[in-house]
Amino acid sequence: AGGRGGGRRLAPGAPRVVLLGSGPYPNSGSLNNGMRKQADKRGKDMSDKKTIAFFPEAAFGPALNSVGIAQACEKLGHKAVFLTDPGMAGVYAGYGFEEHMVNMSEPMEPEAMAKYWSDFINGHIPNFNKTPYEQLDNYVKDCWEAIVETSIWAEKDLPGVLAKVQPDVICVDNVILFPAIKRYSRENGKPWVRIISCSENEIVDPDIPPHLSGCGETDRACFEKFDSKFRQVVKPCHEKFNAFLKDCGEKPYELGEFFEASPSLNLLLYPEPVKFKRRNALDPARFQYLEGCVREEKPYDIPDFGDYNDKPVIYVSFGSLGSGDVGQLKRIMATLGKMPVRALMNVGDYKDQYTEVPANVHIESWYPQPSVIKQMDAVIHHGGNNSFNECLYFGKPALVMPFVWDGHDNATRVQETGHGLHLHRANWTEAQLSGAIEKLLSDKEMAAKLKATSAHMQGRHGPTKAAGLLDKLVKGA
């Protein structure tokens with residue numbers, strides 16, 4: 001098992017959602033039977049119908065981003081299929097897509113898998129207060145060891161699945177190479193595409209902060225210190241990975257590298273208004289920014305708050321990763337309870353542990369987040385890439401209190417680009433937290449910048465753009 005930063009797999013019965021955006025293609029969830037038949041008929045009439053395989057990491061964000069792109073591909077007459085870890089079985093079928101299983105870890109029953117991730121996250125809660133540099137020896141190290149194992153395990157099933165599916169292009173959203181995909185590409189003359197759904201600094205450059213570092217854009221000392229330690233920490237699992245690559249007939253990677261850019265096409269979900277200034281510009285023929293892929297969910301009605309109904313409304317969510325730290329969420333709740341605001345707080349699976357909730361706070365185990373964020377005056381979140389993009393897409397100021405992984409990068413970036421604020425997740429006083437919230441609600445310069453960024457992102461439709469690029473690529477393959 002392994003996910004980007006220990007990303008949690010979708011549980012059976014998790015809400016089904018689609019992606020939101022303007023553009024020529026109507027939004028839809030799973031294609032209903034009538035639409036599916038029309039799409040199939042249109043595809044059969046097209047001599048250039050191609051099979052596009054998606055292989056996202058087994059985690060919530062990458063999964064749904066790929067679903068949106070796949071839906072847009074099918075609207076162009078192609079067939080989209082998903083290669084998936086059994087832990088995600090049923091997720092893509094819920095949208096009408098074929099699923100092909102690829103074990104990426106030792107097979108476990110769903111209950112055992114859920115316990116594995118719960119234990120993994122809860123065991124690392126003490127590490128969440130550490131700096132990105134201090135997390136290298138524990139959380140980051142454990143994650144990369146698990147991620148390497150996913151590539152090794154996938155090699156058992158992936159070659160056979162690719163031989164069966166015979167895709168015309170393979171889209172991979174992960175942080176590690178799967179040798180079977182490059183081999184299939186070489187042997188069959190079919191392109192593979194990399195999707196980068198985390199921070200854009202997954203694609204390295206000497207002038208931008210190292211991935212996961214949380215370094216400021218110009219803090220070169222931070223770059224060097226973090227990168228040196230990262231290489232030291234991952235060296236054992238990197239050596240194991242390079243030995244595996246050699247066994248698969250692939251060239252080794254330099255220390256610290258686990259993946260590469262696709263020679264054909266790389267799709268970055270990162271929004272252009274906050275992208276980094278690179279020394280080596282990314283070639284637009286191979287690298288394209290999708291401006292986020294924001295999903296649409298069922299409408300949400302803000303509950304009645306009685307005497308607080310005329311107050312600003314704030315959404316608080318630290319995702320499945322952070323909801324287990326009940327103590328920190330209770331601290332935030334206590335501060336919000338004393339402020340002239342309304343608050344919606346996502347407390348995950350721990351709702352029964354909140355026996356005393358202030359009158360101006362509403363808690364729930366899950367909210368349809370994009371439908372909520374679009375109605376908010378401010379948002380407090382952990383820096384997850386979906387939350388990061390959704391706040392920018394809807395023009396909402398964010399206070400980012402990161403835990404791990406690229407939450408640190410997004411927290412630093414949102415503040416240094418003037419789109420929000422960054423605060424340590426635990427080392428704050430009540431006055432500091434309330435002061436940050438008040439600034440989000442009153443900063444006119446920040447509001448103007450967010451308005452411009454929102455207009456930029458909403459004027460584009462990431463899934464439609466991605467589908468057009470894939471269509472062009474696959475027809476030329």
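In what follows, residues are counted from 1 in the order of the sequence shown.
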How about [X] and [Y]: do any of their side-chain heavy atoms sit closer than 4.5 Å?
| X | Y | answer |
| --- | --- | --- |
| L450 | P397 | yes |
| N65 | L290 | no |
| I147 | F258 | no |
| L469 | L265 | yes |
| N360 | K311 | no |
| H382 | P402 | no |
| W144 | F241 | no |
| H211 | W405 | yes |

Closer than 4.0 angstrom, basic N to acidic O: yes or no for [X] and [Y]?
| X | Y | result |
| --- | --- | --- |
| E430 | K338 | yes |
| K229 | D137 | yes |
| E445 | K449 | no |

Any idea which heavy atoms bring [X] and [Y] closest together, and the distance?
| X | Y | answer |
| --- | --- | --- |
| Q328 | A426 | NE2-CB, 3.5 Å |
| L433 | M401 | CD1-SD, 4.5 Å |
| A261 | R194 | N-NH1, 4.1 Å |
| D227 | P210 | CB-CG, 4.4 Å |
| G214 | T412 | O-OG1, 2.7 Å |
| C237 | E145 | CB-CG, 4.1 Å |

Quiz item: For V326 and Y354, what are the C-alpha separation, side-chain angles and deciding distance, and is it a side chain to side chain contact (heavy atoms under 4.5 Å, CB included)?
Solution: CA-CA 9 Å; V326 175; Y354 294 82; 3.6 Å; yes
Separation of [Y] [atom2] from [X] [atom1] (nearest 0.5 Å):
| X | Y | atom1 | atom2 | answer |
| --- | --- | --- | --- | --- |
| M345 | M333 | CE | CE | 4.5 Å |
| Y393 | S454 | OH | OG | 7.5 Å |
| N174 | F55 | CG | CZ | 7.0 Å |
| Q135 | H408 | CD | NE2 | 3.5 Å |
| L470 | Q288 | CG | CD | 11.0 Å |
| C391 | N386 | SG | CG | 11.0 Å |

Identify, with sequence neighbours excluded, every residue that meets side chain to side chain contact (heavy atoms under 4.5 Å, CB included) alongside [X].
| X | answer |
| --- | --- |
| P206 | R279, N280 |
| N385 | F388, N389, D406, N410 |
| I125 | N122, F128, D325 |
| N127 | H124, K130, N138 |

Quiz item: Tell me, which pairs form a ring-ring contact (aromatic ring centres under 6.0 Å, His included) where one or both residues lie in residues 414-438, sequence neighbours left out?
Solution: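 Listed once each, the pairs would be none.
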Quiz item: Which pairs pass ring-ring contact (aromatic ring centres under 6.0 Å, His included) with one or both residues in residues 301-339, sequence neighbours excluded?
Solution: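 Listed once each, the pairs are Y315-Y367, F318-F403.
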Quiz item: Should we say atom CG of D310 is surrounded by more than 12 heavy atoms from elsewhere, each under 6.0 Å from it?
Solution: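 Count over threshold, so yes.
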Quiz item: If you count the non-hydrogen atoms of other residues, nucleotides and ligands that lie under 6.0 Å from NZ in K330, is the total more than 12?
Solution: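 More than 12 within 6.0 Å, yes.
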Sequence neighbours left out, what passes side-chain hydrogen bond (donor to acceptor under 3.5 Å, both in side chains) with [X]? Give chain and number order.
| X | value |
| --- | --- |
| E364 | K351 |
| D352 | none |
| S317 | N346 |

Quiz item: Which is it for I302 and M376 under the side chain to side chain contact (heavy atoms under 4.5 Å, CB included) test, yes or no, and what are the steps along the way?
Solution: CA-CA 10 Å; I302 297 175; M376 296 297 105; 4.0 Å; yes
For [X] and [Y], does a side-chain donor sit closer than 3.5 Å to a side-chain acceptor?
| X | Y | result |
| --- | --- | --- |
| N427 | N129 | no |
| H381 | E390 | no |
| D173 | S66 | no |

Does [Y] offer a backbone N or O that forms a donor-acceptor pair with the side chain of [X] under 3.5 Å?
| X | Y | result |
| --- | --- | --- |
| R331 | G327 | no |
| E74 | A70 | no |
| D377 | V313 | yes |
| R231 | G256 | no |
| E99 | Y92 | yes |
| E200 | F276 | yes |

Quiz prompt | Pair K75-Q71, side chain to side chain contact (heavy atoms under 4.5 Å, CB included): steps then yes or no | solution = CA-CA 6 Å; K75 292 185 178 87; Q71 289 171 334; 4.0 Å; yes
Quiz prompt | The single option from V175, N266, L268, L212 passing side chain to side chain contact (heavy atoms under 4.5 Å, CB included) against E202 | solution =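 Exactly one option meets the side chain to side chain contact (heavy atoms under 4.5 Å, CB included) with E202, and it is V175.
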Practice problem: Go through the structure and list residues passing ring-ring contact (aromatic ring centres under 6.0 Å, His included) with F223, not counting sequence neighbours. | Solution: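 So F223 forms no ring-ring contact (aromatic ring centres under 6.0 Å, His included) with any residue.
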Quiz item: Does the side chain to side chain contact (heavy atoms under 4.5 Å, CB included) test come out yes or no for L423 and L421, once each step is laid out?
Solution: CA-CA 7 Å; L423 186 66; L421 299 174; over 6 Å; no
Quiz item: Please, which pairs that meet salt bridge (Lys or Arg N to Asp or Glu O under 4.0 Å) have at least one residue in residues 407-421, sequence neighbours excluded?
Solution: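 For residues 407-421, and leaving out neighbouring residues, the salt bridge (Lys or Arg N to Asp or Glu O under 4.0 Å) pairs sorted by first residue read E217-R413, R413-E416.
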Quiz prompt | Listed once per pair and sorted, the salt bridge (Lys or Arg N to Asp or Glu O under 4.0 Å) pairs that draw on residues 266-277, sequence neighbours left out | solution =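 Sorted pair list: E272-K275.
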Practice problem: Tell me, with the steps shown, if Y133 and F226 meet ring-ring contact (aromatic ring centres under 6.0 Å, His included). | Solution: CA-CA 6 Å; Y133 182 84; F226 184 90; 7.1 Å; no
